[in-house]
Protein chains: 2
Amino acid sequence: MLFQVDAHAAEPIFEQIVFQVKGGVAQGELAAGDRLPSVRDLARRLSVNPNTVIKAYDTLHREGVIVRRQGAGCFVSDAPSGLADAERARQLDQLVERTVTEAFHLGFGAGEIREAVDRHVKSVRFPGKNPGKNPHKNPGKNKNANKKRSSA
Amino acid sequence: MLFQVDAHAAEPIFEQIVFQVKGGVAQGELAAGDRLPSVRDLARRLSVNPNTVIKAYDTLHREGVIVRRQGAGCFVSDAPSGLADAERARQLDQLVERTVTEAFHLGFGAGEIREAVDRHVKSVRFPGKNPGKNPHKNPGKNKNANKKRSSA
DNA sequence: TCAACTGTTCTGTTTGATATAGAACAGTTA
DNA sequence: TAACTGTTCTATATCAAACAGAACAGTTGA
């Protein structure tokens, strides 16, 4: 998986990393058990301080997206959210309210908003759905994802 | 309209104000031409520095949500976004990608995401749609919104 | 006209988050 | 055991957010 960050963007670097990992998992580019680049490796590749990568991985770990094994590396988790249902519902509501409100002020109508959501929902690899029809993840490409030290 | 902010929230105070105004407009609680509270009044009510309110109003003005008339006040604008179509599309895409990805990691499926979007889309007062069926905005409540100095 | 409101624009200061640099310690793997 | 992993410190620089206070300028209505 290819990482890239923009040091001049409004979004903090560590959050850019967090979202790229989340996006990779959602798109099926990263699967449960896959190993992330090591802290030092990713920091070198992005020309960024290792502490910044650590902060990103901390966030991903806190949200249950990855698990960390000292000495071994960080791996994509397969466990679900872990939050209480009420909290999950609250967060979804807040996310969607935000997006719909902003879309409204961008001048989009109900139909256009629903279309955009549909488009993105279809690109996501939900668990137990559409096995093997995702454009990413060349079959066999990840055969040694847990063996080698690092991958793209 | 009722404003409230949380000084301890992760979101900056000025952004909370911005979103509440945007939400008010989207929900039909604020209509084009309505006057916002004055900078000093809102600052006093929220126990917040006037400069913070100014920053919020600056943002709303920059995004075309309000217009400002020195000595008179700030008013809800009726002009559309003003951004180029390509930029509007780009921003919508980014918003929706973000929300769908986060919803995925919260453990929600395609159906639940679409439902949440539907629910919020229906609560929004799109221009030229559903005249007068919105639960907010008691008819006649705003009869002097442009005459009095300040309102809730 | 004038008082009382409005927005606008300064100059500061404090605080916290972001990101950097560098070092050291601890577990894993081949 | 060597070379990698994650982990945990300290310290520093920079910037955004929010605060405090003052002053200037336009609008409104009595």
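Numbered from 1 within each chain, the chains take letters A, B, ... in sequence-line order.
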Q: Could you identify which residues of residues 4-13 of chain A place a heavy atom less than 4.0 Å from some atom of DNA chain C, listed by residue number, or say none?
A: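 Those residues whose heavy atoms fall under 4.0 Å from DNA chain C, taken from residues 4-13 of chain A in numerical order, are A/Pro12, A/Ile13.
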In terms of side-chain heavy atoms of [X], which of [options] is nearest?
X: A/Asn49; options: C/dT20, C/dG7, C/dC10; result: C/dT20
X: A/Ala72; options: C/dG7, D/dT5, C/dT29; result: C/dT29
X: B/Asn51; options: C/dG7, D/dC19, C/dA19; result: D/dC19
X: A/Tyr57; options: C/dT28, D/dG6, D/dA18; result: D/dG6
X: B/Gln70; options: D/dG26, D/dA18, D/dG21; result: D/dG26
X: B/Phe14; options: D/dT27, D/dA18, C/dT9; result: D/dA18
X: A/Ile54; options: D/dA17, D/dA18, D/dT8; result: D/dT8

Q: In sequence, state the C-alpha distance, the side-chain angles, and the governing distance for B/Glu29 and B/Arg125, and then conclude on salt bridge (Lys or Arg N to Asp or Glu O under 4.0 Å).
A: CA-CA 9 Å; B/Glu29 225 174 319; B/Arg125 246 206 182 205; over 6 Å; no
Q. Checking only heavy atoms, does the side chain of A/Arg69 share a donor-acceptor pair with the base of C/dG27 at less than 3.5 Å?
A.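 Under the 3.5 Å cut-off, the side chain and the base do not form any donor-acceptor pair.
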(Q) Could you check whether any side-chain heavy atom of A/Ser81 comes within less than 4.5 Å of a side-chain heavy atom of B/His105, counting everything from C-beta outward? (A) no
Could you tell me how far apart [X] ([atom1]) and [N] ([atom2]) are, to the nearest whole angstrom?
X: A/Leu60; N: D/dT7; atom1: CG; atom2: C1'; answer: 17 Å
X: A/Ile66; N: D/dT5; atom1: CD1; atom2: C1'; answer: 13 Å
X: A/Ile17; N: C/dT18; atom1: CD1; atom2: P; answer: 13 Å
X: B/Arg44; N: C/dA4; atom1: CZ; atom2: C1'; answer: 12 Å
X: B/Arg40; N: D/dG26; atom1: CZ; atom2: P; answer: 15 Å
X: A/Asp58; N: D/dG6; atom1: CG; atom2: P; answer: 12 Å
X: A/Gln16; N: C/dT18; atom1: CD; atom2: P; answer: 12 Å
X: A/Glu15; N: D/dA16; atom1: CD; atom2: P; answer: 15 Å

Q: Could you tell me which non-hydrogen atom of A/Asn49 sits nearest to which non-hydrogen atom of A/Asn51, and how far apart they are?
A: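 The answer is OD1-N, 2.8 Å.
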Q.
Go through it in stages, so that I can follow the logic: the residues are B/Glu87 and B/Gln91, the test is side-chain hydrogen bond (donor to acceptor under 3.5 Å, both in side chains), and I'd like the CA-CA distance, side-chain angles, deciding distance and then a yes or no.
A. CA-CA 6 Å; B/Glu87 176 60 16; B/Gln91 291 197 18; 2.9 Å; yes
(Q) Please tell me whether A/Gln94 and A/Arg90 have a donor and an acceptor in their side chains that are separated by less than 3.5 angstrom. (A)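 There is such a pair (donor and acceptor under 3.5 Å, judged by atom type) between the side chains of A/Gln94 and A/Arg90.
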Q. Is there a donor-acceptor contact under 3.5 Å from the side chain of A/Thr59 to the main chain of A/Lys55?
A. yes
Q | B/Asp6 backbone acceptor or donor facing B/Gln16 side chain under 3.5 Å | A |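 Yes.
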Q: Examine B/Arg45 relative to B/Phe3 and say whether NZ or CZ is less than 6.0 Å from the centre of the six-membered ring and inside a 45° cone about the ring axis.
A: no
Q) Are B/Arg68 and B/Tyr57 in a cation-pi setup, meaning NZ or CZ lies under 6.0 angstrom from the ring centre and within 45 degrees of the ring axis? A)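 That pair does not qualify as a cation-pi contact.
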Q | A/Thr52 side-chain N/O to C/dT20 phosphate OP1/OP2 under 4.0 Å | A | yes
Q) Do any side-chain nitrogens or oxygens of B/Lys55 fall under 4.0 Å of OP1 or OP2 in D/dA18? A) no
Q: Would you sort out whether A/Asp85 and A/Arg88 count as a salt bridge (Lys or Arg N to Asp or Glu O under 4.0 Å), showing the intermediate values?
A: CA-CA 5 Å; A/Asp85 281 3; A/Arg88 288 172 55 236; 3.0 Å; yes
Q) Through what angle, rounded to 10 degrees, does the axis of the helix from C/dT1-D/dA30 to C/dA30-D/dT1 turn between its ends, using five pairs per end? A) 30°
